[in-house]
Amino acid sequence: VPLRRARGYVPAKIPVKDRGETTVLATGGDLKSTVCLLSKDEATVSEHLGELENPAALRNFIGAIDRLQDLLKLEPQVVAHDLHPAYGSSKHALSFGLKEVAVQHHHAHIVSCMADNGIEGKVIGVACDGTGYGTDGAIWGCEIMECDEAEFKRLGHLSYYPLPGGDAAAKELWRPALSLLRETYGDDWRKEIPGPMLDMFSKEGEAVELTEKRLSQSGDRITKTSSLGRLFDAVAYLLGVCQRNHHEAQAAMALEDLATTVEEAEPFSYVTHEAEDGTFLLDLRPLVKEVVSGVASGKDKAVMARSFHEAIVAMLVESALRASEETDLDNVILSGGCFANRLLTERVSRLLEAWGREVYVHRELPTGDGGLSLGQAVCAAERVARGLV
């Protein structure tokens, strides 16, 4: 699975369905930024441009758009961008004065993988990552969808939990860990966890108490998330595998590394609930309880890391099969940064294939946010062709 396309891979053109004369510029996301120009039956995705919170990377991003247009001699009529209103890439897209198409983050992931594999029409999309702005204002990150190139329907997702600190929760792993403990045990979470785990939180100082107070007082005003990436971070913290993400996905990679030292383990538990809006919710509070009890009993961390992975595998496979049966669709698309995890990707793919489903992962484009711009471009072109924008 590609992680980044750079020297030797760009600006190779990617064949896509010809959707007419409209040329689309897509500005991607703010992390692992790329841009894409799509015209007729060809899409050209730029090299990796960096993280747009960095001023030098933002300048490079702006320059890359100009360079790509000059190279291909194309003038876009439509600009596609992420749904997140605060993304620098989205703000820059609005500055062009072109017809705008906002594309939900995880829909773009799935469409990117579809285009990467030459797949058209309706599919089941399984999108798993750390952060993606949802249509309800929450931060999505573990989504089961029915979608095609233009539209999507959310069928199921990880149950929401608060994300104290917002973006800080991607670096300070005690934040999602605290949130999940409070979701599982309530205000008395300190009484439920073993001493060594409590000591880890004590070392974080006053910040834990202040955050806990805010969680108690702010309620629904704190951003909610269904992020699988932050779940990986929380479990890595609770197991004592990683306390900080000094680089992206550090905790998740450490957890995967540990899990691969064990050939098999029984999966942790989870339950599925039916939501009022007709979606299904994946509740991982039983999993959190098993992590806590495992640490309390001195269970081997590597076995628990494997049990965690097997639980996520089982959850995603069951969810995809349920969605497949509900919609009578057999093509399953896996995309999003979490599928850079080889153990997760291989296990989910093999099990779904054993159930007779056709599974597609990325081949040429990154499974993470580096592939977003292609998905945005294809989605925008399809919406224009259907007269939806």
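Hydrophobic side-chain contacts under 4.5 Å tie Val303 into a cluster, directly or through other members, with Val262.
Residues satisfying the side chain to side chain contact (heavy atoms under 4.5 Å, CB included) criterion with Ala170, sequence neighbours excluded, are Arg230.
Residues Leu282 and Leu158 come closest through the heavy atom pair O-CD1, 3.6 Å. For Asp233 against Ala251, the heavy-atom pair with the smallest separation is OD1-CB, 3.6 Å. For Cys113 against Ile333, the heavy-atom pair with the smallest separation is CB-CG2, 3.4 Å. The shortest heavy-atom contact between Leu49 and Ser46 is CD1-OG, 3.7 Å. Across all their heavy atoms, Pro194 and Val292 have their closest contact at CD-CG1, 3.7 Å. Between Lys32 and Glu248, the closest heavy-atom pair is NZ-OE2, 2.7 Å.
The stretch residues 375-389 participates, sequence neighbours left out, in these salt bridge (Lys or Arg N to Asp or Glu O under 4.0 Å) pairs: Arg19-Glu382, Asp148-Arg386, Glu151-Arg386, Glu382-Arg386. Within the structure, salt bridge (Lys or Arg N to Asp or Glu O under 4.0 Å) pairs that include any residue of residues 85-106 do not occur (at least two apart or interchain).
Checking side-chain atoms of Thr367 against main-chain N and O of Ser335 turns up no donor-acceptor pair under 3.5 Å. Formation of a donor-acceptor pair under 3.5 Å by the Tyr161 side chain with backbone atoms of Ser227 is found in this model. Using modelled atom types, no side-chain atom of Ser112 and backbone atom of Leu372 make a donor-acceptor pair closer than 3.5 Å.
Salt bridge annotation for Glu206-Lys213: absent, with no cationic side-chain nitrogen under 4.0 angstrom from a carboxylate oxygen.
Checked by atom type, the side-chain pair Gln104/Thr135 shows no donor-acceptor distance below 3.5 Å.
Taking the side chain as every heavy atom from C-beta outward, Tyr160 and Trp140 approach each other to under 4.5 Å.
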Anything under 3.5 Å between a donor and an acceptor, one on a side chain of residues 55-71, the other on a protein residue two or more places apart or in another chain? List them.
from  : atom 1 : to    : atom 2 : distance (Å)
Asn60 : OD1    : Arg67 : NH2    : 3.2

Scan the side chains in residues 76-83 for donor-acceptor partners under 3.5 Å anywhere in the protein, sequence neighbours excluded, and list what turns up.
from  : atom 1 : to     : atom 2 : distance (Å)
Gln77 : OE1    : Thr23  : N      : 2.8
Gln77 : NE2    : Glu75  : O      : 2.7
Asp82 : OD1    : His105 : ND1    : 3.0
Asp82 : OD2    : His84  : N      : 2.8

Dump the intermediate steps for side-chain hydrogen bond (donor to acceptor under 3.5 Å, both in side chains) on Ser159 and Arg285, then the final yes or no.
-> CA-CA 9 Å; Ser159 290; Arg285 286 177 292 183; over 6 Å; no
